[in-house]
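Take a look at the structure below.
All values below come from the heavy atoms of this structure, side chains included, with hydrogens, waters and symmetry mates left out. Model, not experiment: these values are computed from the prediction. Residue numbers begin at 1 in each chain, while the letters A, B, ... track the order of the sequences.
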Amino acid sequence: MEATAIEFNKNEFQQDLIRWFAAEKRDLPWRRTADPYQIWISEIMLQQTRVDTVIPYYTRFVEKFPTLYDLAEADEEVLLKQWEGLGYYSRARNLQAGVQEVAEKYGGIVPSNRKDISSLKGVGPYTAGAVLSIAYGVPEHAVDGNVMRVLSRILLIEEDIAKPKTRKIFEEAVMEIISHEDPSSFNQGLMELGALICTPTSPKCLLCPVREHCAAFHEGKQHELPIKTKAKKTKATQYAMLAIEKEDKVLLEKRPSSGLLANMWQFPMLEVTAETLPLEIEEQLSESFAGEVQSVEKFTSFKHVFSHLTWNVDAYTAKAGNLTLPAQMRWVTAEELELLPIAGPAQKMKTALLQKGDV
DNA sequence: GAAACGTGGTG
DNA sequence: TCACCAAGTTT
């Protein structure tokens, strides 16, 4: 005889979840505002990013750009500098584009319906639902990784959450069970539960406020859910990165406006084979710059792992005479180095250079 | 639908 | 060291 499935009582579930959220929720900076613009910022920053990482960025960001118009009018370089180190830099540029559209098309008021808010750059199905429910109290789904994990356990949903189409199943589930009295606390409660109790490994079921509603707990399957297929490993590439110096300046270049680390600054790089020697680097540089680059010396190495690729970098110093620079390159002083948005491996290079005492 | 897109923390 | 993750969106 199989154990009988538990009955899911929607009203009691909502009540238990919302009561728990009210009592146990963390005191986070974006929970102290009702401004849809600031809540929007927090939701963008929190995409694929830990709460503890976001907090200082969020605080600085809303101080720097207190209103939607401050961000709409900001210089992109200043914006990217604020985002430096947070990752996924297109989020920042998309956010600004979205904010500009709200300024121009919606009179500065963040839209309060799914269709309009979803049309904004960088606002996908999750962010739309999060801003709508949290800022405006609209009963809309906001399905992120937490929600899929939590609901896969509570409702015993055994679909692969790594597949894009699976999200729809969870969106429909949320619309079935969301509280219409307090959609904000309901959605945030689901996410907070995922962050604090219903964690990926070793969920704290004995502390869970809704365990009596949980089908997986009832069947002892909480460790088997959610179902999630594995990601594959990243490919590695070898680069030589150059700190080319002239007097008290160093050469930087701005990356292209699309793709990896778009519009961020870096030190000039060459893709190389594993055993490229300084002399060969010097030859390649001479070709690139028409001579005038000397004394290439290796000074450190490091590895940088992106989400989908790995760069193994050998860092070199070099001296330069009069170079004819391509448009995207610039000589910068130590002061300017601090003002430009630099990310990824170039950030490691910068740190190493400053430690070395050059520049 | 798969792949691109960052970074730092954790077991 | 390494896999896996963390409040996803765009192409």
Along nucleotides 1-11 of chain B, 5' to 3', which nucleotides get a B, which get an S, and which get a -, given that the test is a protein heavy-atom distance under 4.0 Å? S-SSBBBB---
Backbone N/O of A:His223 and side chain of A:Arg153: donor-acceptor pair under 3.5 Å: no
Would you mind telling me which residue lines up with the more 5' stretch of DNA chain C, A:Thr229 or A:Lys121, judged by nearest nucleotide? A:Thr229
Given atom CG of A:Leu95 and atom P of C:dG8, what is their separation to the nearest angstrom? 16 Å
For a quick check of understanding: with a heavy-atom distance under 4.0 Å over all strands, which category does A:Val51 fall into, base, sugar-phosphate or nothing? base
After noting the C-alpha distance and the side-chain angles of A:His304 and A:Phe302, does the key distance pass the ring pair (Phe, Tyr, Trp, His ring centres under 6.0 Å) rule? CA-CA 7 Å; A:His304 191 91; A:Phe302 51 84; 7.8 Å; no
Is a salt bridge present between A:Lys221 and A:Glu219, judged by a nitrogen-to-oxygen distance below 4.0 Å? yes
Measure from CD on A:Glu43 to C1' on C:dA6 and round the result to the nearest Å. 13 Å
One thing to verify: whether A:Lys350 and A:Glu338 come together as a salt bridge, which I'm taking to mean a side-chain N less than 4.0 angstrom from a carboxylate O. yes
What's the gap between C:dA6 and B:dC5 when it is taken at their C1' atoms, as a whole Å value? 15 Å
Taking only side-chain nitrogens and oxygens of A:Lys230, does any of them come within less than 4.0 Å of OP1 or OP2 of C:dA3? no
In whole angstroms, how far is the P atom of C:dT9 from the CD atom of A:Gln96? 19 Å
Which part of the nucleic acid, if any, lies within reach of A:Trp30 when heavy atoms closer than 4.0 Å are counted: base, sugar-phosphate only, or nothing? base
Run the salt-bridge test on A:Arg167 and A:Glu171 with the 4.0 Å N-O cut-off and return the result as yes or no. yes
Within the structure shown, what part of the strands sits under 4.0 Å from A:Thr127 by heavy-atom distance: base, sugar-phosphate, or nothing? sugar-phosphate
Tell me whether the side-chain N/O atoms of A:Lys228 come closer than 4.0 Å to OP1 or OP2 in C:dC4. no
Could you tell me if the side chain of A:Phe299 sits less than 4.5 Å from the side chain of A:Leu353, heavy atoms only? yes
Using a cut-off of 4.0 Å on non-hydrogen atoms, how would the nucleic acid contact of A:Leu28 be classed: base, sugar-phosphate, or nothing? base
Base, sugar-phosphate or nothing for A:Arg93? Non-hydrogen atoms, less than 4.0 Å. nothing
Just checking A:Arg255: base, sugar-phosphate only, or nothing, at a heavy-atom cut-off of under 4.0 Å? nothing
Decide whether a cation-pi geometry holds between A:Arg60 and A:Tyr57; the criteria are a distance under 6.0 Å from NZ or CZ to the six-membered ring centre and an angle within 45° of the ring axis. yes
